[in-house]
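I have placed the structure first, in the form of structure tokens, so that the comments after it can refer back to it.
The residues of the chain are indexed from 1 along the displayed sequence. Indexing begins at 1, ligand by ligand and atom by atom, following the structure's order.
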Amino acid sequence: MTNPGTEFIPFALPSIGREEEEAVLKVLRSGWLTTGKETQAFEAEFASKVGSTCALALNSATAGLHLSLEALGIGPGDTVVTSPYTFTATAEVVRYLGAELVFSDITPGGFNIDPRILRETLRAAEKNGHRLKALIPVHIGGEACGMTELQSIAGEFGLAIVEDAAHAFPVRSDDGRWTGTSGDTGVYSFYATKTITTGEGGMVVTDNDKIAERIRTMRLHGIDRSIWDRYTSDRAQWAYSVVEAGYKYNMTDLAAALGRVQLEKAETFLARRKEIAAAYTEAFREMPELDIPRTSGDHAWHLYILKVSRDSRINRDNLIESLRRRGVGTSVHYIPLHLMPYYRDRYAFSPGDFPNAMDAYSRCLSLPIYPGMNDAQVDRVIQAVKNGCKAE
Ligand SMILES: Cc1ncc(COP(=O)(O)O)c(C=O)c1O
């Protein structure tokens, strides 16, 4: 038997209820498991939620980032700019297409790409002969980037914008739009730990019909008809044309059924995440050893990223270990990409090339924050952090 006061609090846990179970069971019993009317309904509901003309469901956000850049025509000889403070998915898709990456540092003390540094990076890249094509801003941990300024920079340099909103549903940017809807496309992740989940899954939104059409074709083998259309329209079921060498990135109806229920709960989930974030911030605000996340804009609180303060005697790695011993799971977001062997070696990066990303990385730890956490668990995390700091 586990003692309710001592059970391990995992870093992340999906919130799945009876409604999700029933929705998936219904699909399992329906005889139609792959992309079909559940996926279509999920797309329509998602597009309506964020006010986009078109939402396209996929089997991951990585697929969405890839197909967005592909639809923008990005390829060898082109350069895409993003932050090194992100998961590799944001950057690897640029390399899928044979294009090159330029990283631009995050704001000092923050986590998102810094507009002032970005301008300098873009000027330098232009001077160095880069053919700049697109910017991928990442709303790290769910903190909305200032899209107004990023759009103005993108305009100055003639860049398309693909928003990586993998962490940022459902919140709004400073331009009043839902994150993911300020650029040419926006991409959301429904991976198991995200703010809403389909197990694995993603969604691209866009108001651009041409981009939407290209993604629709490329997500399913470059075929000109969807599977559902083949089985429901008057045209012969067996007839289709392959018009491109496409990919296999479609979402299943099983995943979509799960996603539809999660979408309905998204605002309730967010409200609970906000409560937990507020409790953490209140508890740690006065602790000189810690830096609480300071956000100027809206926040989806996918991650609560705490930092040990710069002059603190506390070692971040020891604090993580101490929390683990006290029954609290944590994580680190992120090990900057320029430290990863692939990017480091390809672009000959040194650790000091992105000082703000390095500073954030060396001091950060992410605490558990999910709707299923009860108040006692939130208190246990707070006490574990306080005691961990004392013990250091
Ligand atoms: C910032 C960011 N972008 C993209 C992705 C890719 O998401 P997915 O796992 O749905 O492909 C992730 C995944 O964790 C992420 O953290």
Pair Asp184 + Arg214: basic N to acidic O under 4.0 Å | no
Same cluster (ILVMFWY, side-chain, under 4.5 Å), Val102 and Ile106 = no
From the options Arg172, Arg177, His139, select the one residue that forms a side chain to side chain contact (heavy atoms under 4.5 Å, CB included) with Met147.
-> His139
In terms of atom number and element, which parts of ligand 1 are under 4.0 angstrom from non-hydrogen atoms of Tyr334?
-> 16 (O)
among protein heavy atoms, the one nearest atom 16 (O) of ligand 1 is His167 NE2, 2.7 Å
Residue among Val385, Ile9, Asn374 satisfying side chain to side chain contact (heavy atoms under 4.5 Å, CB included) with Arg380 | Ile9
Would you say Leu65 and ligand 1 have an N/O pair spaced under 3.5 Å apart?
-> no
Does the N or O separation between Asp164 and ligand 1 drop below 3.5 Å for any pair?
-> yes
Between Ala166 and ligand 1, which residue portion shows a heavy-atom distance shorter than 4.0 Å: side chain, backbone, both, or neither?
-> side chain
Rest of the hydrophobic cluster containing Ile223 (Ile/Leu/Val/Met/Phe/Trp/Tyr, side-chain heavy atoms under 4.5 Å)?
-> Tyr240, Val242
Would you find a donor on one side and an acceptor on the other, under 3.5 Å apart, between the side chain of Ser52 and the backbone of Ala47?
-> no
Atom 12 (C) of ligand 1 - nearest protein heavy atom and its distance = Phe87 CD2, 3.7 Å
Return each pair, listed once, that meets ring pair (Phe, Tyr, Trp, His ring centres under 6.0 Å) where at least one residue sits in residues 38-61; pairs must be two or more places apart or across chains.
-> Phe42-Phe190, Phe46-Phe169, Phe46-Tyr188, Phe46-Phe190
SB check Arg123 Glu156 (cutoff 4.0 Å) | no
Below 4.0 angstrom from a heavy atom of Ala89, which ligand 1 atoms are there? Numbered from 1 as shown, please.
-> 4 (C), 5 (C), 6 (C)
Evaluating non-hydrogen atoms only, which member of Glu200, His302, Lys194, His139 is closest to atom 14 (O) of ligand 1?
-> Lys194
How close does the nearest protein non-hydrogen atom get to atom 11 (O) of ligand 1, and which residue and atom is it?
-> Thr62 OG1, 2.5 Å
Would you mind listing which atoms of ligand 1 come within a distance below 4.0 Å of any non-hydrogen atom of Val138?
-> 1 (C)
Per-atom filter on ligand 1: closer than 4.0 angstrom to a heavy atom of Gly201 are 10 (O)
Counting heavy atoms only, which of Ser189, Ala91, Ala63 is nearest atom 10 (O) of ligand 1?
-> Ser189
Which of the atoms of ligand 1 are close to Thr86, meaning less than 4.0 Å from one of its heavy atoms?
-> 1 (C)
Examine Arg119 relative to Phe157 and say whether NZ or CZ is less than 6.0 Å from the centre of the six-membered ring and inside a 45° cone about the ring axis.
-> no
